[in-house]
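Quick caveat, the model's predicted, so the values are computed rather than measured.
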Amino acid sequence: MIKTIGLLTRKDGWTHEQFMTHWVEVHAPLAHAVPGLRRYVQNHILDERTRSDIPATDVAVDGVAELWFDDRAALEAAAKTPEMKALHADGARFIGRIRSYVVEEKVVIGP
């Protein structure tokens, strides 16, 4: 499996609550139609955890999205579909800034 992680910041003029409502009620249902998408997780920011021994990165994030695919080929194929294009078009409506990564999980504790 391969996963993408996106750090999402709401568009200017949107409240955090408006962002979250749209993300859950409008955006999430669109993900069900994306071919090859094996798992989609929305991580809703509840609070910020800071450490006194390491300074925080200066970034404002409203949520973290995780999308799983069988492999990079499946990710690339999904990116070309009308369903993924619709998901991205909707994202452009409420996401003001994004930082995305393609990652490979290395489980340290857990199944």
Side-chain angles (χ1 to χ4, degrees):
M1 297 284 275
I2 197 160
K3 177 169 71 170
T4 67
I5 295 176
L7 307 178
L8 313 177
T9 303
R10 68 184 178 269
K11 194 168 258 193
D12 288 342
W14 286 62
T15 66
H16 178 74
E17 292 73 23
Q18 289 171 320
F19 174 92
M20 297 308 291
T21 298
H22 187 94
W23 196 23
V24 170
E25 296 179 7
V26 178
H27 195 73
L30 295 173
H32 288 279
V34 176
L37 181 57
R38 298 291 176 215
R39 186 173 182 195
Y40 172 48
V41 174
Q42 294 180 345
N43 296 279
H44 298 194
I45 305 296
L46 300 176
D47 200 358
E48 181 177 355
R49 183 177 158 262
T50 59
R51 291 181 49 171
S52 60
D53 58 335
I54 302 173
T57 300
D58 187 25
V59 61
V61 175
D62 287 285
V64 179
E66 299 176 77
L67 291 82
W68 278 262
F69 298 88
D70 287 337
D71 50 33
R72 189 177 281 271
L75 166 62
E76 292 170 0
K80 297 175 185 173
T81 67
E83 294 86 356
M84 183 65 92
K85 290 177 182 175
L87 189 68
H88 285 175
D90 181 67
R93 292 182 58 212
F94 70 103
I95 300 168
R97 292 185 314 274
I98 188 170
R99 177 67 62 129
S100 293
Y101 302 95
V102 177
V103 302
E104 182 180 16
E105 282 189 346
K106 299 293 182 185
V107 177
V108 176
I109 298 174

List the atom of [X], the atom of [Y], and the distance in Å for their closest heavy-atom pair.
X	Y	value
Gly6	Ser100	CA-OG, 4.0 Å
Ala28	Gln42	CB-NE2, 3.6 Å
Ala78	Met84	O-CB, 3.0 Å
His27	Asp90	ND1-OD2, 2.7 Å
Lys11	Arg93	CD-O, 3.6 Å
Thr81	Ala77	CG2-O, 3.4 Å

Say whether [X] and [Y] are linked into one hydrophobic cluster, either directly or through other cluster members, by side-chain heavy-atom distances under 4.5 angstrom.
X	Y	answer
Val24	Leu7	no
Ile5	Val59	yes
Ile98	Met20	yes
Val41	Leu8	no
Tyr40	Val64	no

- Task: Check the pair Phe69 / Leu37 against side-chain contact (heavy atoms from CB on, under 4.5 Å), numbers first and verdict last.
- Result: CA-CA 5 Å; Phe69 298 88; Leu37 181 57; 3.7 Å; yes

Please round to the nearest 0.5 Å and tell me the distance separating atom [atom1] of [X] and atom [atom2] of [Y].
X	Y	atom1	atom2	answer
Lys80	Leu75	NZ	CG	10.5 Å
Arg38	Met1	CZ	CE	7.0 Å
Asn43	Ile45	CG	CD1	7.0 Å

Side chains of [X] and [Y]: closer than 4.5 Å at any heavy-atom pair?
X	Y	answer
Leu30	Glu83	no
Thr4	Glu66	no
Arg10	Gln18	no

- Message: Does the plane of the ring in Phe94 sit parallel, tilted or perpendicular to the ring in Trp14? Use 30° and 60° as the thresholds.
- Response: tilted

- Relative to each other, are the rings of His16 and Phe19 parallel, tilted or perpendicular (30° and 60° limits)? parallel

- Identify the residue among Leu67, Val102, Val103 that makes a side-chain contact (heavy atoms from CB on, under 4.5 Å) with Ile2. Val102

- Query: More than 12 non-hydrogen atoms from neighbouring residues, nucleotides or ligands closer than 6.0 Å to CG on Asp58, yes or no?
  - Reply: no

- Query: With distance as the sole test, does Lys3 use its side chain to make a donor-acceptor pair with the main-chain N or O of Tyr101 at under 3.5 Å?
  - Reply: no

